[in-house]
**Q** 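Before I ask anything, here is the structure I am working with.
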Amino acid sequence: MANETVFKRYKGNPIVTPAAVPRANSIHNSAIVPFEDGYAGVFRVDEIDLNFTMHVGFSKDGISWEIDPQAVNLDCPEEYLKIKDRTYDPRLTKIEDTYYFTWCLDSPQGPLIGMATTKDFKTFSQKENLTLPANRNCVIFPRKVDGKFAMYSRPSDMGHTPFGAIFYSTSPDMVHWGNHRFVFGPQRSSWQSTKVGPGPAPIEIEEGWLLIYHGVWTSCNGYIYYAGGAILDKYEPWKVLHRTKDYLLAPTEDYERVGDVPNVVFPSSAVVLGDKVRIYYGCADTCISIAEADLGELVDFIKTRGVPEPSV
Ligand code: BMA
């Protein structure tokens, strides 16, 4: 094990492996939230035909999971929206009593972001797509900002996008989105020099919004994925207040280094547990692990190990 900063890995990692779902080739970048007296999640499963599907799971402690062997069944009002292609990298945000569940859909016109809502993780009602192609990452804020729903997303291209920056958008109704604003992009000479994208939904803290994100650089052997952190202005969340120069987590463990896509830590959910924050992250596109940080230490780390803007 090497170079732990503020996040400490759980000793029992990985917590979810392909053995959890009969048809899984791999199970990784997934969405987890507190639910009733435990946790619920929507898991990305790359099945043994390499179609990518999403499966609901439940857990009492957030560590041992029961995952549905069947893919999630979305109640879809319109033939046009029906999912016929790969779905992946789900995210979840709770606003009031509703869970908003987003995913990336590999449509023939390029990747875009789909969305459904649920209250009970039994029935899911699919809504309008949140973005045009091409966009591969989207997280919804847990409350309205200045009276509007808000999201961070990462416009992309048709393939394994060699660029990527985070944008902020707002909507009065979760259907019509606008006010698209650049938030931050890659940084030269660093682990985040190729692209960055939002990870878990932003967490509201005293100083503003805490965003854990992924940053990628291109080694001579391909992409390497890291986790970083930023604090954004509470009222104008496109304004960066602080952003990590040093990564929060790097792929150093065997289960992060070896897998279908080697050298990946991909944070996709965060849960605040008292004064701690736990992240769930995909490992090498094969399994899921957790790591925890003291929330105060994490905020201090991001504030004191910052990188100057503007990014390049
Ligand atoms: C995500 C997805 C994955 C990819 C990954 C690294 O954005 O596109 O399919 O392998 O990044 O986990």
Side-chain angles (χ1 to χ4, degrees), residues 13-14 16-18 24-32 42-55 83 85-92 102-107 110-114 130-131 133-139 151-167 185-186 191-201 211-219 221-228 247-253 255-270 279-291:
N13 280 347
V16 182
T17 70
N25 161 82
S26 50
I27 179 163
H28 50 114
N29 311 341
S30 295
I32 282 129
V42 181
F43 291 81
R44 167 174 171 176
V45 176
D46 299 359
E47 300 202 358
I48 51 177
D49 55 1
L50 268 292
N51 186 26
F52 303 167
T53 55
M54 299 178 297
H55 296 235
I83 292 175
D85 305 287
R86 283 175 162 171
T87 51
Y88 53 102
D89 295 359
R91 307 287 210 284
L92 275 164
T102 64
W103 60 86
C104 182
L105 171 75
D106 262 347
S107 84
L112 55 80
I113 303 296
L130 291 192
T131 70
N135 199 309
R136 195 170 260 119
N137 277 272
C138 164
V139 293
M151 71 165 157
Y152 288 134
S153 77
R154 195 201 82 195
S156 80
D157 67 9
M158 298 288 278
H160 297 290
T161 321
F163 63 86
I166 298 174
F167 282 74
W191 51 271
Q192 46 186 334
S193 56
T194 300
K195 54 181 167 177
V196 291
L211 179 70
I212 295 166
Y213 63 95
H214 62 265
V216 179
W217 87 284
T218 311
S219 75
N221 250 338
Y223 291 156
I224 305 186
Y225 279 73
Y226 301 81
Y247 55 67
L248 294 176
L249 209 62
T252 54
E253 307 308 286
Y255 54 84
E256 298 162 347
R257 290 229 181 255
V258 180
D260 279 10
V261 180
N263 301 316
V264 173
V265 296
F266 190 90
S268 50
S269 309
I279 53 167
Y280 289 82
Y281 63 99
C283 304
D285 281 24
T286 298
C287 55
I288 299 170
S289 289
I290 55 175

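Every number for a ligand or one of its atoms is a count from 1 in the order of the listing.
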**Q** With atoms numbered from 1 as shown, which atoms in ligand 1 lie under 4.0 angstrom from a non-hydrogen atom of Val264?
**A**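 Reading through ligand 1 atom by atom, the close ones are 6 (C), 12 (O).
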**Q** Could you identify the single nearest non-hydrogen protein atom to atom 8 (O) of ligand 1 and state the distance to 0.1 Å?
**A**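 Ranking protein heavy atoms by distance from atom 8 (O) of ligand 1, first comes Arg136 CD, 3.6 Å.
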**Q** Please check if the side chain of Arg91 supplies one atom and the backbone of Pro200 the other of a donor-acceptor pair under 3.5 Å.
**A**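 No, the answer is negative, given that no donor and acceptor are paired below the 3.5 Å cut-off.
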**Q** Apply side chain to side chain donor-acceptor pair (under 3.5 Å) to the pair Asn29 and Asp89, showing each step before the final yes or no.
**A** CA-CA 5 Å; Asn29 311 341; Asp89 295 359; 3.1 Å; yes
**Q** What are the two closest heavy atoms between Met151 and Thr131, and how far apart are they?
**A**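 Heavy atoms of Met151 and Thr131 come nearest at CE-CG2, 4.1 Å.
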**Q** When only distance counts, is Tyr88 in polar contact with ligand 1, meaning an N/O pair under 3.5 Å?
**A**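 There is no such contact.
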**Q** Where on His28 is there a heavy atom closer than 4.0 Å to ligand 1, on the side chain, on the backbone, on both, or on neither?
**A**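 For His28, there is no contact with ligand 1 at all, from either part.
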**Q** Would you say Arg86 contacts ligand 1, with heavy atoms under 4.0 Å as the rule?
**A**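 Under 4.0 Å: no for Arg86.
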**Q** Taking distance alone, with N or O pairs closer than 3.5 Å, would you say Asp89 contacts ligand 1?
**A**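 So ligand 1 has an N or O lying under 3.5 Å from an N or O of Asp89.
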**Q** Taking atom 10 (O) of ligand 1 as the point of reference, which of Val216, Val261, Asp285, Asn263 owns the nearest heavy atom?
**A**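 Closest candidate by heavy-atom distance is Asp285.
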**Q** Please report the C-alpha distance between Asp46 and Arg86 in whole Å, then the side-chain angles of each, then the deciding distance to 0.1 Å, and finally whether the side chain to side chain contact (heavy atoms under 4.5 Å, CB included) criterion is met.
**A** CA-CA 9 Å; Asp46 299 359; Arg86 283 175 162 171; over 6 Å; no
**Q** Below 3.5 Å, N or O to N or O, backbone or side chain included: is there any such pair between Asn137 and ligand 1?
**A**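 Not met; the criterion fails.
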**Q** Taking side-chain hydrogen bond (donor to acceptor under 3.5 Å, both in side chains) as the test, write out the residues that go with Tyr213, two or more places apart.
**A**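 Scan of Tyr213 (side-chain hydrogen bond (donor to acceptor under 3.5 Å, both in side chains), adjacent residues dropped) gives Gln192, Arg243.
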**Q** Test your reading of the model: is there a side-chain donor-acceptor pair from Asn135 to the backbone of Leu112, 3.5 Å cut-off?
**A**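 Such a contact is absent between Asn135 side chain and Leu112 backbone.
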**Q** To which protein heavy atom is atom 3 (C) of ligand 1 closest, and what is the distance rounded to 0.1 Å?
**A**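 Nearest protein contact, heavy atoms only, for atom 3 (C) of ligand 1 is Arg44 NH1, 3.4 Å.
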**Q** To check your reading of the model: name the closest protein heavy atom to atom 11 (O) of ligand 1, its residue, and the distance in Å.
**A**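 For atom 11 (O) of ligand 1, the nearest protein heavy atom is Tyr225 OH, 3.3 Å.
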**Q** Kindly write out the residues that satisfy ring pair (Phe, Tyr, Trp, His ring centres under 6.0 Å) with His55, not counting sequence neighbours, or none if the list is empty.
**A**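 Expected list: none.
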